[in-house]
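In what follows, a single structure is set out as structure tokens and then discussed.
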Protein chains: 2
Amino acid sequence: MFARISDRSTEFPGIFGESLIQNDLSRRVSLNEFSYKKGTEIFGEKEPADYVYQVVSGAVRSYKLLSDGRRQIGAFHLTNDIFGLEIGSDHRFTAEAIIDTTVRLMKRRSLELVAESDVTVARNLLSMTTSNLRHAEDHMLLLGRKTSLERVAAFLIEMDRRSTAAGVLALPMCRRDIADYLGLTLETVSRALSRLHDLDILGFIGNTQRQIVLLDRKKLASFDLQN
Amino acid sequence: MFARISDRSTEFPGIFGESLIQNDLSRRVSLNEFSYKKGTEIFGEKEPADYVYQVVSGAVRSYKLLSDGRRQIGAFHLTNDIFGLEIGSDHRFTAEAIIDTTVRLMKRRSLELVAESDVTVARNLLSMTTSNLRHAEDHMLLLGRKTSLERVAAFLIEMDRRSTAAGVLALPMCRRDIADYLGLTLETVSRALSRLHDLDILGFIGNTQRQIVLLDRKKLASFDLQN
DNA sequence: CGAGACTTTGAGGTGACTCAAATACTGTGG
DNA sequence: CCACAGTATTTGAGTCACCTCAAAGTCTCG
């Protein structure tokens, strides 16, 4: 379930892909898999960033908290996504497993050593950081200037784009997670989804509220203004 | 006026600093200065990113627009700040001079060539991108979860930190720019500033609304919650 | 000094939030 | 396989922070 291949999945073969895992380079890095139960923390904000992670299966949320508990989720990490890569010494987000999740992890130091000699890996580090930057820049526009309906539409379109399962969009995260990603409350997210349902733009499947069918991608896209 | 040295000003000597301009490397890159009148565009979103820019004097805003005109400013660039650096082929923001501004510019291709051989420059490219990413991540939290007063307080603290002039904070941008940076309206920004003024946290100087004195940085900081 | 731009302030509106309750779903244990 | 407890979602009603519209005040610069 929730099988997905991120749009970033094939962009960085030099880091977690075949070139490190299956060929000679694999001996240069320590590479492990680790599993986290639903809701558990993978790393905390401001902890030393000694490892870089890749989602093998499951889903992860990265977030920041204000001292009074307000939360802003910066990104969701789905199958094959790489996360926790920092240039500074510490993590700048807390990462938690949204559902039971298996990650592959490697020592950051090892990665840096490889990057020293392997130009491809070094370029991929920059490329990944840029990819994260682009996402954050687009998300600033969403958070600063879009309406609730536009945010939810944009979210569905993003998840649809990152999803491989052609038919149904199976969301691993709850309404509160979506809300904290979009800068809304869970009730507002729910109302927006209901409204899109009423407009025959999406449908809910069978016995779960986490499975969504996009009935009219064109109409949906019309709610997500171009920038 | 508006003389400032960004906190990033001395971080990247390998790109625009002495190492490129005054020593041997300077012959490898084409480096020019160019001036823009207040309000004019330096480059547009989606245009090819052939140049990288550094503010010599003045101030620049980088923003995205929605099709109906809503604007989100992603960053302000002050003296010595580098902007317009892209890894992909196109700019992802429009950049405009806020006041009369002089920039130093260099061909991106030249920079990339230098980066090939000079590890320091390559590392600085990554370092700058990371710096931008960190700013965007923090700004997502502000846009998604902070109140208007917290946003304005955070803005003043950021500008104060980036300012060298110890006493007065001379803002080059108008209320609308601040509003579009903070995801608010200009009236809400004005009301927040008035409120901080009433609380004796800041003062306005003489005959301009752009010069602000931070009377009580401690109290101001208490409005900008930690994350 | 005067025109135009910018800022402040007020009054009223509204989209999203809060609080609350009903409904639906999930996983567990009998 | 069903009942139940706990969690998640939806929906409604009322509130509020911020927005919109409007007008007056302030600043800049020729």
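It should be emphasised that the depicted structure is a prediction, and the values quoted were computed from it without experimental measurement. Labels below follow one simple rule: chain letters A, B, ... track the order of the sequence lines, proteins then strands, and each chain is numbered from 1.
Place A/V189 and A/R145 on DNA chain D by their nearest nucleotides, and A/V189 ends up nearer the 5' end. Mapping B/S194 and A/L149 onto DNA chain C via the closest heavy atom, the residue that lands nearer the 5' end is B/S194.
The pair A/R92-A/E86 meets the salt-bridge criterion, since a charged nitrogen lies less than 4.0 angstrom from a carboxylate oxygen. Remark: A/R162 engages A/D81 in a salt bridge, criterion side-chain N to carboxylate O under 4.0 Å. Between A/D224 and A/R217, no side-chain nitrogen of the basic residue sits less than 4.0 Å from a carboxylate oxygen of the acidic one, so the salt-bridge criterion is not met.
Atom CG of B/L193 and atom P of D/dT26 are 17 Å apart (whole Å). Rounded to whole Å, the distance from CZ on B/R195 to P on C/dG10 is 14 Å. We find that CD of B/E150 is positioned 12 Å from C1' of D/dA17, with the value rounded to whole Å. One interatomic measurement links the two molecules: CG of A/L186 to C1' of C/dT23, which rounds to 15 Å at whole-angstrom precision. Rounded to an integer number of Å, the gap from B/I99 CD1 to D/dT28 P is 14 Å. A/M173 has its CE atom 15 Å from the C1' atom of D/dA8, to the nearest Å. If you measure from atom CD1 of A/I178 to atom C1' of D/dT10, you get 14 Å, rounded to the nearest angstrom. The CD atom of A/Q211 sits 9 Å away from the P atom of C/dT26 (whole-angstrom rounding).
For C/dG10, its base sits under 3.5 Å from the side chain of B/R191 at one donor and acceptor pair at least. If you check distances only, the side chain of B/E187 does reach the base of D/dC21 with a donor-acceptor pair under 3.5 Å. Judged by atom type and distance alone, B/R175 does not reach the base of D/dT26 through any side-chain donor-acceptor pair under 3.5 Å.
A close approach under 4.0 Å does not occur between any side-chain nitrogen or oxygen of B/T188 and OP1 or OP2 of D/dC18. Phosphate proximity of C/dA16 to A/S148: present, with a side-chain N or O under 4.0 Å from OP1 or OP2. For B/S190, no side-chain nitrogen or oxygen approaches OP1 or OP2 of C/dT9 to under 4.0 Å. OP1 or OP2 of C/dC17 sits under 4.0 Å from a side-chain N or O of A/T185.
Counting non-hydrogen atoms under 4.0 angstrom, A/L184 reaches the backbone sugars and phosphates but no base. In this structure, A/G183 reaches the sugar-phosphate backbone alone: every heavy-atom distance under 4.0 Å involves primed, P, OP1 or OP2 atoms, never a base.
One distance of note links CG of B/L143 with NZ of A/K146; it measures 13.0 Å at 0.5 Å rounding.
Between A/F93 and A/F83, the gap from one ring centroid to the other reaches at least 6.0 Å.
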